[in-house]
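Only this structure's heavy atoms are used, side chains among them; waters, hydrogens and symmetry mates stay out.
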Amino acid sequence: MRNKILLLFLILFFSANRKTFAEYNGLHLEMLIEMQDGSVIHAYNYISPFYLEDTTIKYLENNFELVLRNDYNDSIGEYAFYKNRITYDYTVYENVSQAYQLLNKTKINFDAVKSVDIIDAFDFTYAIGMYGISSCSDTLWSKSPVVWKKSYGGYFCSHDIFIHEHNDNTLKVIRKLERMLNEHKSELNKLENDLKNYDGERYYEIQKQHEELEEKLDDEIYNIIDEFRDDSKVIIITMCSC
């Protein structure tokens, strides 16, 4: 889970100064891929816009190598698609929103593709990632009521955690997370008080310690969130900014 969140942030960071059609937005696509042998694949993908000159459906269908390109450094191959897309409805501070998670990534032989027909496309920010769904069967528990939810903020990223069923692991992780955050806050407060009592070289030393402690928070949150087991019924919505 941690690697996925870090990858989300890296995409956001390196895309920040590139041309985009909407701030922090990419395209969620649903499409039909027709192969040279006449077979048709129902597929999904998400593409960041920073390498696109045009985002019209006609342009993407005529340049379907952009729609199928695999931008992730994995073993899948140069071209790929996802077999499934999961939609998750959630509420934070009385605001109802949706997040999406793509599942079952599959490589595709680009030379065997005849055409791509995009049947649905919508903007969605690449600053938001959703984690917790391992298979389509998880949609059964993910539609059950949330029994516990809370939001945690780091330096670059915030995390909304939705637990659909408590177990020993989820309770342990949440306690550990809240204990770490309380300790972190206490250390920051101490450094902030020290800043009021020093000047000169010592002041800048304390200021540097304060900045390093702030920036360290995201990694500490990631490390603890990563302790949710794959069988935990937990959804995490992460939003990162730069």
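- Around CG of Asp199, the count of heavy atoms belonging to other residues, nucleotides or ligands within 6.0 Å does not exceed 12.
- Formation of a donor-acceptor pair under 3.5 Å by the Ser186 side chain with backbone atoms of Glu183 is not found in this model.
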Point to revise | From CA spacing to verdict: side-chain contact (heavy atoms from CB on, under 4.5 Å), Ser232, Asn167 | key: CA-CA 8 Å; Ser232 293; Asn167 56 37; 4.1 Å; yes
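- By the neighbour-count criterion of 12 heavy atoms within 6.0 Å, atom CZ of Phe110 is densely surrounded, having more than that number from other residues, nucleotides or ligands.
- Between Tyr222 and His159, the ring planes lie perpendicular to each other; the angle is over 60°, past the 30° to 60° tilted range.
- Between Glu205 and Arg202 there is a salt bridge, since at least one side-chain N of the basic residue sits less than 4.0 Å from a carboxylate O of the acidic one.
- Using a 3.5 Å distance cut-off with no hydrogens or angles, the side chains of Glu30 and His42 do pair a donor with an acceptor.
- Linking Ile, Leu, Val, Met, Phe, Trp and Tyr whenever their side-chain heavy atoms come within less than 4.5 Å puts Met35 and Leu29 in one cluster.
- Of the possible donor and acceptor atoms, one in the side chain of Thr125 sits under 3.5 Å from a partner among the backbone N and O of Ala127.
- Ring centroids of Tyr203 and Tyr198 are separated by 6.0 Å or more, keeping the two rings apart.
- Below 30°, between 30° and 60°, or above 60°: for Tyr88 and His164 the angle between ring planes is above 60°, a perpendicular geometry.
- With respect to Lys216 and Glu212, no salt bridge is recorded, no charged nitrogen being found less than 4.0 Å from a carboxylate O.
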Check your understanding: So Phe81 and Ile41, side-chain contact (heavy atoms from CB on, under 4.5 Å) or not? Walk me through it.
Key -> CA-CA 10 Å; Phe81 65 93; Ile41 301 171; 3.6 Å; yes
**Study point:** Ile224 vs Met180, side-chain contact (heavy atoms from CB on, under 4.5 Å): CA-CA, chis, key distance, verdict
**Key:** CA-CA 9 Å; Ile224 296 175; Met180 181 276 293; 3.8 Å; yes
Review point. Between Lys150 and Glu178, does a salt bridge (charged side-chain N to carboxylate O under 4.0 Å, His left out) hold up when you go through it step by step?
Key: CA-CA 11 Å; Lys150 194 160 184 179; Glu178 294 191 338; 3.2 Å; yes
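- The backbone N or O of Leu27 sits nowhere less than 3.5 Å from a side-chain atom of Asp123 that would complete a donor-acceptor pair.
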Exercise for review: Begin from the C-alpha positions of Glu192 and His210 and carry the test side chain to side chain donor-acceptor pair (under 3.5 Å) through to its verdict.
Suggested key: CA-CA 8 Å; Glu192 288 168 1; His210 188 279; 3.1 Å; yes
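- A salt bridge is defined here as a Lys NZ or Arg NE, NH1 or NH2 lying under 4.0 Å from an Asp or Glu carboxylate O, and Asp194 with Lys196 fails to meet this definition.
- Note on Asp74 versus Lys105: salt bridge recorded, some NZ/NE/NH1/NH2 to OD/OE distance being below 4.0 Å.
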Exercise for review: Test Gln98 against Tyr90 for side chain to side chain donor-acceptor pair (under 3.5 Å), laying out the working first.
Suggested key: CA-CA 6 Å; Gln98 287 184 323; Tyr90 66 99; over 6 Å; no
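- The distance between the ring centers of Tyr79 and Phe64 does not fall below 6.0 angstrom.
- In the displayed structure, Asp168 atom CG is contacted under 6.0 Å by at most 12 heavy atoms of other residues, nucleotides or ligands.
- Ile57 and Leu32 fall into different hydrophobic clusters, where Ile, Leu, Val, Met, Phe, Trp and Tyr side chains are chained together by heavy-atom contacts under 4.5 Å.
- Not counting sequence neighbours, Thr91 has no partner by the side chain to side chain donor-acceptor pair (under 3.5 Å) test.
- Ser115 places no side-chain N or O within donor-acceptor distance of the main-chain N or O of Val113, the cut-off being under 3.5 Å.
- Using a cut-off of 4.0 Å between Lys/Arg side-chain N and Asp/Glu carboxylate O, Glu78 and Lys107 are scored as not salt-bridged.
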Exercise for review: Take Ile161 and Phe228 through the test side-chain contact (heavy atoms from CB on, under 4.5 Å) and record every step on the way to the result.
Suggested key: CA-CA 11 Å; Ile161 300 177; Phe228 283 118; 4.3 Å; yes
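- Side-chain atoms of Asp218 come within 3.5 Å of backbone N or O of Phe156 as a donor-acceptor pair.
- Ring-plane geometry between Phe124 and His28 is classed as tilted, the angle between the planes lying from 30 to 60 degrees on a 0 to 90 degree scale.
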